[in-house]
Amino acid sequence: MTTEVITDIAQAEQGTSLWQDAWVRLKKNRLAVCGLIVLLIMVMTALLTPWIAPYAFDAQNLDLGATPPSAAHWLGTDIFGRDMLTQILYGGRISLAVGFIATTVALLIGVTWGAIAGYVGGRVDAVMMRLVDILYALPFMIFIVLLMVVFGRNMLLLFLAIGAVEWLTMARIMRGQVQSLRQQEFVEAAISLGLPTSTIIRRHLVPNALGPIIVYTTLTIPGVMLLEAFLSFLGLGVQPPQTSWGLLISYGADTMEEYPWLLIYPGLTLTVTLFSLNFLGDGLRDALDVRGSRD
Amino acid sequence: MTAFRQLITAVTVSGLLACSAGENNVERGNREGILYFGNGTEPQTIDPHVLTGSPEGNLASALFEPLIARNPYTLEIEPGVAERWEFNADRSVITFYLNPEARWSNGDPVTAQDFVWSWQRALNPKIGNQVADVVFYHIRNAEAYHLGRIDDPDAIGVQALDAHTLRVALEYSNPFALLKFTYVYLAPVHRATIEAHGAPTDRFSPWTRPVNFVGNGPFTLDEWKMQRFVKVKRNPYYWDRDNVALNGIVFRPIESSTTEEKMFRSGQLHTALNPPNSKIPDYRAQSETPLVEGPFMGIYYYMMNMEHPPLDNGRVRRAMALSIDRETLARSVLQDTVTAWSSYVPFGMPDYEHTHILDFDPEAARRLLAEAGYPGGAGFPALTLKYNTAENHRSVAIAVQQMWKQHLNIDVQIANEEWRVYLDSLDQHNYDIARMGWVADIYPGSFLDTMISTGGTNRTGFANAEYDRIILEDLRATPDKDAQMQLYQRAERIFLEETPLIPIYAYKTKRLVQPSLQGMPANAGDMLNYKYVVLDADAPAWKWQTPADNRQAAN
Amino acid sequence: MWRFIGSRLLQAVPVILAVITATFFLVRMAPGGPFDSEKAVIPEVRAALEAQYRLDQPLASQYFAYLGDLASGDFGPSFKYPGRSVNELIAAGLPVTAELGFYALLIATLIGGLAGVLASLKPNTAQDYVPMALAMLGICMPTFLLGPLLVLLFGIRLEWLPVSGWGDLPGDKILPSLTLGAALAAYIARLSRAGMLEVLSQDYIRTARAKGLPEWQVVTRHALRGGLLPVVTFLGPAFAGLLAGSFVVESIFQIPGLGRFYVQAAFNRDYTMILGTTVFLSTLIVLFNLMSDVLAAWLNPRLRAQYGSSA
């Protein structure tokens with residue numbers, strides 16, 4: 001009992017200073033701060049889209065048709081006379097949601113899997129990680145295309161499919177972390193106290209591996225968003241009437257010669273968002289001093 | 001190591017910059033008499049009894065010749081393998097007299113026995129001919145044999161009286177019967193060649209490879225590189241070779257119409273079909289535009305599932321049909337590349353009087369919807385409009401969705417499905433409203449016949465006893481063409497009054513044609529006859545004029 | 001070493017078998033069959049077609065028959081193209097895809113390697129920031145955006161290069177190779193910069209410098225070999241990834257390669273073709289990964305020792 005309290009306090013102190021240090025270091029990294037700000041703006045606009053979008057999502061003006069950017073339509077209109085800024089805002093909601101949700105799926109599976117493998121060790125670990133190795137070897141891009149063709153038109157499946165690919169790296173990282181943490185005294189103490197495994201994993205191991213988890217989560221989100229955009233581009237991801245940046249880019253690419261603004265603005269938005277996420281992720285990696293697995 | 005490095009450099013530089021002469025395909029083609037033809041997708045096959053699609057048809061038409069041909073300008077029929085033909089008194093039997101000069105590309109004569117054998121092969125259930133019901137069933141016992149109800153191929157109403165006389169007995173007399181003998185699906189195939197490369201009904205047979213191939217068309221197969229090109233060259237034995245101007249054709253499979261248009265613009269193709277709609281205004285603005293437009297026999301429509309409430313209510317179906325502003329749709333979304341059209345038999349059908357009871361009328365639509373129990377759209381259940389994944393279908397669906405919202409205040413969801421999944425949904429009647437198109441020939445039966453209650457394109461649940469009787473009994477007992485037209489008009493009226501589907505527009509041909517290319521006019525059958533195609537090497541080269549200034553001015 | 005290779009090869013077998021099985025049953029679960037068309041297919045015709053393609057047999061026996069064919073190297077006949085075998089289709093597409101992948105890899109290695117090395121020589125200066133920012137752009141700009149943008153700029157606006165095709169017009173291979181290679185170049189730039197930085201801080205480099213060797217000789221003679229090691233081991237999986245990822249580029253530029261065949265086959269429910277391309281590409285990817293592991297083990301003495309003992 002006492003030991004647990006003490007270790008908790010010790011961790012808390014260590015944790016606080018660690019996080020404060022990291023924050024100070026992160027603030028010095030101008031690119032990462034810019035990324036963070038851009039990202040916050042993106043998330044805010046996505047949350048507030050229904051209130052701040054200049055037009056209704058499905059408002060058409062067939063007689064107007066496709067027009068280049070103007071005072072009334074800052075980013076122009078598509079062939080239905082729909083406001084492009086509005087489309088990008090609503091598309092951003094989906095793209096970001098897919099990015100965050102699918103990453104969460106990957107995170108949950110990966111962390112659980114990796115933590116169990118790393119903690120239990122031995123034969124269980126060997127079997128679990130061999131499975132990860134096998135899955136790594138599968139050509140997933142090909143499988144996702146096949147899955148989406150076969151079952152199509154299903155957001156849930158999209159999350160699952162993307163999450164299923166991205167959890168592998170997370171599992172490997174988590175396993176490595178847990179393996180090294182397991183050797184440490186406070187974990188040994190917790191084990192000797194007879195705490196249930198689940199409690200040890202939840203309260204001791206995961207919090208201490210938080211740094212790498214955060215870093216790789218930040219770096220996974222852009223990968224996931226890219227994958228969503230890629231599937232949508234092939235017509236296999238998000239389906240109309242919903243829209244996403246990938247879908248907008250796909251439509252824009254069809255008519256880029258006549259209406260280049262329909263390609264350039266969604267493309268720019270996606271690129272800037274991915275840029276921000278990557279810079280933030282790199283910054284966090286430096287700030288939290290996370291090294292290790294290269295992917 | 002150095003040698004290896006040099007090799008890599010050499011391979012890379014020469015590969016990336018692989019140079020050819022400065023002449024483009026169109027110029028070279030004009031000089032050499034070779035037509036460069038943008039042909040959509042990679043042809044699946046050239047076997048006339050297996051093929052179904054239009055790129056395959058375009059290619060096979062160069063390689064095979066049926067009994068009769070059509071003039072691409074007038075669509076009048078003219079001799080093919082048959083130099084003349086005659087009907088018996090009640091027009092139920094046709095006798096074709098084959099041209100004794102007709103030859104296969106290996107020099108063998110084309111005989112009446114070739115046709116008998118070919119059609120027996122085409123109708124053999126084992127080969128899995130998917131268009132036989134549309135193109136063969138007018139021949140006596142063709143249906144029975146094709147569906148396996150009789151086993152004797154000699155019972156089919158085709159007989160060789162001698163080497164050059166072919167007698168065809170029809171199931172019923174029909175003033176349009178001759179048209180079907182112009183289809184490439186009814187072309188003969190070379191028996192000895194097919195038998196040399198496997199069973200006659202084997203779909204996998206390699207007889208269609210250039211080294212094995214024997215055909216009877218104006219051209220014969222020269223070279224086939226998958227996904228790159230198919231080359232055909234003159235058939236030296238073709239009976240009418242003196243009237244064939246081209247030395248060969250290169251068919252290029254280019255899946256994306258955007259790419260095909262760009263290739264046309266850069267002089268790599270003599271002709272490209274279906275340039276993207278967004279480019280059409282720019283093409284129309286060109287002086288001496290290479291864009292050829294004209295109506296052809298195709299209709300684009302939304303089927304309604306009559307088993308799904310509230311679409312089981314005729315008033316609801318009618319209201320939905322009346323609330324589509326087709327003119328605006330055609331103009332704004334489709335750049336007038338189609339004809340706004342509210343009836344099922346398409347615009348341009350010769351000698352036919354159209355019914356227009358479904359024209360845009362939002363007042364009447366609202367009234368009907370109120371009568372059906374949904375005043376102002378109140379309480380209208382959520383319906384889904386399905387389309388197969390394609391840019392054009394999406395555009396139409398988005399605009400129509402908005403029109404229903406605006407004029408009837410009803411919410412219809414739109415959803416797309418990938419083509420195979422989509423067809424499966426339709427077959428299982430798993431849809432509320434679904435888009436479909438039908439392209440056929442210049443007689444009304446090619447549209448209305450398949451809409452009988454058991455028809456292959458009728459997936460709506462439409463079943464009307466009077467309609468079926470007109471198609472299956474009255475028309476078959478009426479050999480007179482004018483009387484047939486009257487009957488078809490009556491049938492179409494019944495059909496439109498019940499409104500199992502919403503006609504949206506009639507198709508137009510839109511083809512890009514270089515000025516040097518002549519003999520490929522737009523025609524209502526959207527059909528090609530390569531014999532008429534001439535390349536004029538002296539024609540002025542066409543150059544794209546960038547219409548950017550026009551466009552900005554317009555905005 | 002041989003034991004290591006052998007065990008990795010043995011490991012690859014269940015992976016490939018899993019791919020075959022999963023694909024086989026996944027494809028059959030898909031709604032819609034290869035013979036559907038605008039007009040409902042007459043049941044008698046459908047039965048005849050299914051008989052020709054063995055589809056009338058129970059699924060299990062179809063599966064084992066397929067495995068049997070595969071064992072003898074036969075991918076079966078294509079559904080979509082009667083008269084063609086899947087082997088033939090793969091043989092037609094593979095050289096194109098391989099050529100595209102080769103150019104892309106070459107461009108990526110040259111540009112990426114150069115940028116990374118340059119950046120590492122003067123860290124935290126403009127010579128570092130500019131190439132690294134460009135590399136980040138390469139990572140963030142998806143292929144399907146970069147491709148159309150390059151086409152818009154060089155193909156349509158400037159009219160310098162052809163917008164599509166493969167081997168039809170002079171220079172038509174440049175834009176696709178560049179598009180496919182860009183993201184890879186970015187990764188290589190980052191990898192080689194990191195690798196170089198690590199090596200440059202090591203003792204033997206300091207020794208070399210202390211000996212008074214000119215800086216360019218220090219770099220070319222000593223640093224490059226160690227610094228680019230991570231890049232070398234990265235190339236195997238990268239090339240495999242290029243093969244699988246080329247279908248976007250092949251679609252954008254209308255290139256008749258394996259990737260495009262695969263996507264078309266998936267849409268057309270060409271069962272044998274989907275299976276054939278998936279199995280073929282998967283095997284290739286697995287083999288490339290294997291090769292790069294072996295290469296890494298062979299190049300890195302520490303890893304070599306580790307694998308030698310564990311395998």
Side-chain angles (χ1 to χ4, degrees), chain A residues 31 35 130-131 133-143 145-152 219 222-223 225-236 245-246 248-250 252-258 260 263-264 266-268 270-279 282 291 294-295, chain C residues 11-12 14-16 18-19 22-23 26-32 129 133 136-137 139-149 151-152 155-157 163 183 190-191 194 230 234 237 240-241 243-245 247-248 251-252 259 262-263 266-267 269 274 277-278 281-286 289-290:
Chain A
L31 281 175
R130 183 51 48 88
L131 192 76
D133 287 344
I134 288 182
L135 289 176
Y136 246 118
L138 288 181
F140 259 105
M141 204 59 123
I142 289 178
F143 260 93
V145 169
L146 198 58
L147 262 173
M148 298 313 286
V149 168
V150 169
F151 297 106
L219 291 173
M225 289 179 67
L226 212 56
L227 200 52
E228 179 275 320
F230 165 76
L231 287 173
S232 295
F233 179 80
L234 286 181
L236 297 170
W245 291 336
L248 289 173
I249 291 172
S250 147
D254 281 342
T255 55
M256 62 178 173
E257 192 178 351
E258 296 82 36
L263 172 67
I264 290 171
L268 203 65
L270 177 67
T271 309
V272 166
T273 308
L274 297 182
F275 234 83
S276 308
L277 277 163
N278 274 317
F279 277 133
D282 280 0
R291 301 210 51 193
R294 208 178 279 118
D295 42 6
Chain C
Q11 245 181 64
V15 173
I16 291 168
V19 169
T23 319
L26 205 61
V27 171
R28 296 310 167 88
M29 278 156 71
Y129 290 142
M136 188 58 104
L137 190 67
I139 290 174
C140 293
M141 178 96 75
T143 317
F144 56 83
L145 177 59
L146 182 65
L149 285 178
V151 168
L152 188 60
I156 294 173
R157 287 289 140 89
V163 295
R190 285 165 67 106
L191 275 179
F234 174 70
L243 281 181
F247 50 71
V248 173
S251 302
I252 294 173
Y262 168 72
V263 176
F267 280 121
R269 296 285 179 283
I274 303 175
T277 38
T278 309
L281 283 176
S282 309
T283 312
L284 221 57
I285 289 173
V286 169
N289 283 333
L290 174 71

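Residue numbers start from 1 in every chain, and the chains themselves are labelled A, B, ... in the order their sequence lines are given, proteins ahead of strands.
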Distance (rounded to the nearest 0.5 Å) between C:L149 CG and A:T271 OG1: 8.0 Å

Worked verdict on A:T255 versus A:L263 for side-chain contact (heavy atoms from CB on, under 4.5 Å): CA-CA 8 Å; A:T255 55; A:L263 172 67; over 6 Å; no

Under 4.5 Å from a heavy atom of chain A, the part of C:L26 involved: both

Nearest-0.5 Å distance, CD1 of residue A:I264 to CG of residue C:L145: 9.5 Å

Nearest non-hydrogen partners of C:A133 and A:F275, listed with the distance: O-CZ, 3.9 Å

Which atoms of C:R28 approach chain A - backbone, side chain, both or neither, heavy atom under 4.5 Å: neither

Rounded distance [0.5 Å steps], CG in A:L268 versus OG1 in A:T273: 9.0 Å

C:F144, part contacting chain A, at a heavy-atom distance under 4.5 Å: both

Between A:V272, A:D282, A:L270, the one whose heavy-atom pairs under 4.5 Å with chain C are most numerous: A:D282

Region of C:A194 in contact with chain A, defined by heavy-atom distances below 4.5 Å: neither

Pairs of heavy atoms under 4.5 Å with chain A: top-ranked of C:I252, C:L137, C:V27: C:L137

Contact origin within C:L146 toward chain A - heavy atom pairs under 4.5 Å: neither

Minimum heavy-atom distance between A:M256 and C:P148, given as atom pair plus value: SD-O, 3.3 Å

